[in-house]
Amino acid sequence: MEKRVRVRFAPSPTGGLHMGGIRTALFNYLFAKKHGGDFILRIEDTDQTRFVEGAEEYIIESLKWCGIEPNEGVGFGDGRYAPYRQSERKNLGIYKIYANKLIASGHAYYAFDTTEELEEMRKRLEAAKVVSPQYNAVSRQNMRNSLTLAEDEVKKLLEQGAKYVIRLKVPRNEEIRFNDIIRGWVTFNSAQVDDKVLLKSDGMPTYHLAHIVDDIEMEITHAVRGEEWLPSAPAHILIYRYLGLEDQIPKLAHLPLILNPDGNGKISKREARFPVFPLSWKDPRESMPYIGYKESGYYPEAFINILALLGWNPGNNEELFSVEQLSQLFSFERVHKSGAKFDPEKAKWFNQQYLRAKSDHELSHLFKPILKEKGYEKDDAFMIDFCKLVKDKVQFVYEFWDHGKYIFEAPTSYDQKVITKKWNNTCGTLFNSVLITFNSVNNWTSQNINNAFEELLKTTGKIDVQLLRVLITGVAGGPQLFDMLALMGKDEVIKRLELALKINN
RNA sequence: GGCCCGUUCGUCUAGGGGUUAGGACACGUCCCUUUCACGGAUGAAACACGGGUUCGAUUCCCGUACGGGCUACCA
């Protein structure tokens with residue numbers, strides 16, 4: 001029988017989780033759902049110096065908002081493999097057990113070097129024009145570790161409680177290859193891999209040891225992570241091998257990165273002229289919060305849809321998918337190898353598609369609080385008509401205000417470009433007759449206004465409709481004119497027209 | 001610098017030894033519209049370059065260029 005699929009999203013709580021992280025979580029989620037497996041949230045908080053207050057809560061809230069909730073792990077009810085926080089798992093002693101196993105088999109060793117000594121080594125190697133200075137099979141011979149020190153001296157140091165780290169003993173020249181689900185066979189030489197620290201001097205494991213131990217203990221079947229991990233993958237292969245667990249290595253999938261739309265490189269929160277965080281993120285170390293997709297008016301469904309299509313596609317021309325559909329279609333085989341530039345313009349289009357799919361009723365509820373903030377309150381019937389009228393002009397709910405505010409507010413100025421171009425001395429009498437005509441409309445509906453207007457045209461000849469629009473709303477564009485006038489109400493229209501004629505005459 | 005990964009319209013991408021190289025966003029033009037949109041139609045726009053392999057390469061191989069990632073007692 002096939003093993004139950006178990007994948008984990010394993011961020012470190014060192015800051016806000018951005019869209020790249022969400023996409024990694026999403027692909028994990030989709031894969032788990034597709035195979036009826038488990039999606040686990042594990043918190044990799046082994047670096048105590050980089051811990052950021054609120055980051056863990058933020059990760060959990062973000063996943064919830066996106067609708068891609070883990071079914072196991074921190075913030076999601078824990079589970080059979082608890083705890084899911086590495087700082088807590090450390091107290092179980094498991095990392096040390098694995099590290100000691102590696103020491104016992106001769107594949108890891110104690111290193112007593114201080115930061116200064118390491119710095120010195122680096123300088124020395126650089127001076128000697130060594131291409132990549134690192135703690136490895138060659139340089140370790142000149143350092144203070146259990147490979148160079150006499151056995152009784154090592155023993156003495158350990159007994160004295162000297163500070164030490166445990167390092168992986170990487171062979172000098174060995175080919176290491178593995179099969180990545182997305183990239184196929186990838187080959188490295190161990191000469192480029194340094195003797196990675198497995199256990200730090202504070203007793204905490206590094207990522208390299210911790211994630212492997214946890215993946216083993218939690219029976220993870222697929223390790224899905226960003227491309228930035230590719231270079232350290234060979235070290236991870238060696239750790240499994242030296243643990244005698246090479247057959248238990250999860251299937252590896254290294255995702256392509258999400259790149260900046262302009263310029264190059266990974267998306268960065270500072271440079272971006274678009275949101276990079278799902279929710280507003282206030283970093284305790286910085287004064288200004290970063291606005292999120294949520295606050296920018298994006299629907300989570302749209303946000304997820306955009307992300308899903310960055311580096312993956314189902315192979316046909318469709319682009320609009322619900323999370324459920326995505327989890328049916330998803331496969332790593334269809335994930336790209338190359339990075340994808342994020343396009344904020346297309347992101348807006350996606351949101352528009354989701355907005356259009358919503359009913360006028362639903363939109364009216366979403367817009368109501370925004371309108372209230374502007375100081376206006378209208379009944380449901382009005383709100384629904386309003387949304388229907390303005391809907392196809394907007395990409396975000398808040399834009400209902402931008403594209404429809406003149407329905408609520410009389411103009412304080414008139415588009416001068418239109419006025420200068422179109423207003424002439426016949427306009428005063430012309431639009432006065434419009435005023436009289438409007439006044440005579442009894443049942444103030446769009447159709448009746450239109451009929452009356454057409455009737456008027458028979459005697460007056462052409463009347464510039466755009467100019468009429470400007471006289472009533474102040475601006476040259478907007479929703480269907482007569483529909484809008486009907487919604488505004490007869491009194492309001494008459495009032496505005498009278499005012500406009502007074503001012504522009 | 002070294003190592004690894006990558007490269008189809010401006011962007012996201014489909015495709016894959018023989019195609020008019022398809023779609024979407026954005027952009028242009030036209031139609032609809034007495035206004036504004038939506039919508040419809042249409043246009044411009046790509047296989048990084050050089051060598052192979054082959055009857056034939058955008059597709060396979062090798063180089064080059066370019067881009068990205070990594071190069072910590074960070075993840």
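Throughout, a chain's letter reflects where its sequence line sits, starting with A, and its residues are numbered from 1.
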Keeping the roles fixed (side chain from A:R167, backbone from A:A111), state whether a donor-acceptor pair exists under 3.5 Å.
-> no
B:A75 to B:U71 separation - P atoms, rounded to the nearest Å | 11 Å
Which nucleotide in the set B:U34, B:U13, B:G15 lies at the smallest distance from any side-chain heavy atom of A:E454?
-> B:U34
Between B:A57 and B:G50 - C1' atom distance, rounded Å = 14 Å
Where the side chain of A:S338 is defined as all heavy atoms beyond and including C-beta, which of B:U34, B:G6, B:C12 is the nearest nucleotide?
-> B:G6
Gap between atoms CZ and P, on A:F350 and B:U11 respectively (whole Å) = 17 Å
Can you tell me how far C1' in B:A72 sits from the matching atom in B:G52, rounded to whole Å?
-> 44 Å
Atom pair distance, as rounded to whole Å: CG in A:L481 and C1' in B:A37 | 13 Å
Atom pair distance, as rounded to whole Å: CH2 in A:W349 and C1' in B:U11 | 14 Å
Which atoms of nucleotides 69-73 of chain B (N or O only) lie under 3.5 Å from a protein N or O atom, and what are those distances?
residue, atom, partner, partner atom, Å
B:G69, OP1, A:K266, N, 3.4
B:C70, OP1, A:K266, NZ, 3.2
B:C73, OP2, A:R167, NH2, 3.3
B:C73, O2, A:S201, N, 2.8
B:C73, O2, A:S201, OG, 2.8
B:C73, N3, A:S201, OG, 3.0
B:C73, N4, A:D113, O, 3.2

Rounded to whole angstrom, note down the C1' distance from B:U53 over to B:U58.
-> 16 Å
If you restrict it to nitrogen or oxygen atoms, what contacts under 3.5 Å exist between nucleotides 42-49 of chain B and the protein, and what is each distance?
none

Could you tell me whether A:R334 sits above the aromatic face of A:F330, with NZ or CZ closer than 6.0 angstrom to the six-membered ring centre and within 45 degrees of the axis?
-> no
Looking at every strand, decide which applies to A:V186 at a 4.0 Å heavy-atom threshold: base, sugar-phosphate, or nothing.
-> sugar-phosphate
Quick one: is the NZ or CZ of A:K358 closer than 6.0 Å to the six-membered ring centre of A:Y299, and within 45° of its axis?
-> yes
Whole-angstrom distance between B:C70 and B:A14, as gauged at atom C1' = 31 Å
Rounded distance in Å between the C1' positions of B:C25 and B:U34 | 33 Å
Does any non-hydrogen side-chain atom of A:F188 lie less than 4.5 Å from one of A:F178?
-> yes
State whether the side chain of A:E117 and the backbone N or O of A:T114 hold a donor-acceptor pair below 3.5 Å, judged by distance alone.
-> yes
Taking atom NZ of A:K422 as the centre, report whether more than 12 heavy atoms of other residues, nucleotides or ligands fall under 6.0 Å from it.
-> yes
Charged N to carboxylate O under 4.0 angstrom, A:R273 versus A:D262?
-> yes
Scan A:G478 against the nucleic acid and name what it touches under 4.0 Å (heavy atoms): base, sugar-phosphate only, or nothing.
-> base
Is A:E492 close to A:F408 at the side-chain level, that is, under 4.5 Å between some pair of heavy atoms?
-> no
Which is true for A:R334 with a 4.0 Å heavy-atom rule: it touches a base, it touches only sugar-phosphate, or it touches nothing?
-> sugar-phosphate
What integer number of Å spans the C1' atoms of B:A44 and B:U29?
-> 10 Å
Whole-Å gap separating P (B:A24) and CG (A:L310) = 19 Å
Say you pick atom C1' in B:G22 and the same atom in B:A45; how far apart are they, in whole Å?
-> 14 Å
Quick one: label A:D195 by what it contacts on the DNA or RNA (base, sugar-phosphate, nothing), any heavy atom closer than 4.0 Å.
-> nothing
Which part of the nucleic acid, if any, lies within contact of A:F342, taking any heavy atom under 4.0 Å across all strands shown: a base, the sugar-phosphate backbone alone, or nothing?
-> nothing
Does a nitrogen or oxygen in the side chain of A:H336 sit under 4.0 Å from OP1 or OP2 of B:A14?
-> yes
Would you mind reading off the distance between A:K348 atom NZ and B:A24 atom P, rounded to a whole angstrom?
-> 21 Å
Quick one: A:K341 NZ to B:G6 C1', roughly how many Å, whole number?
-> 13 Å
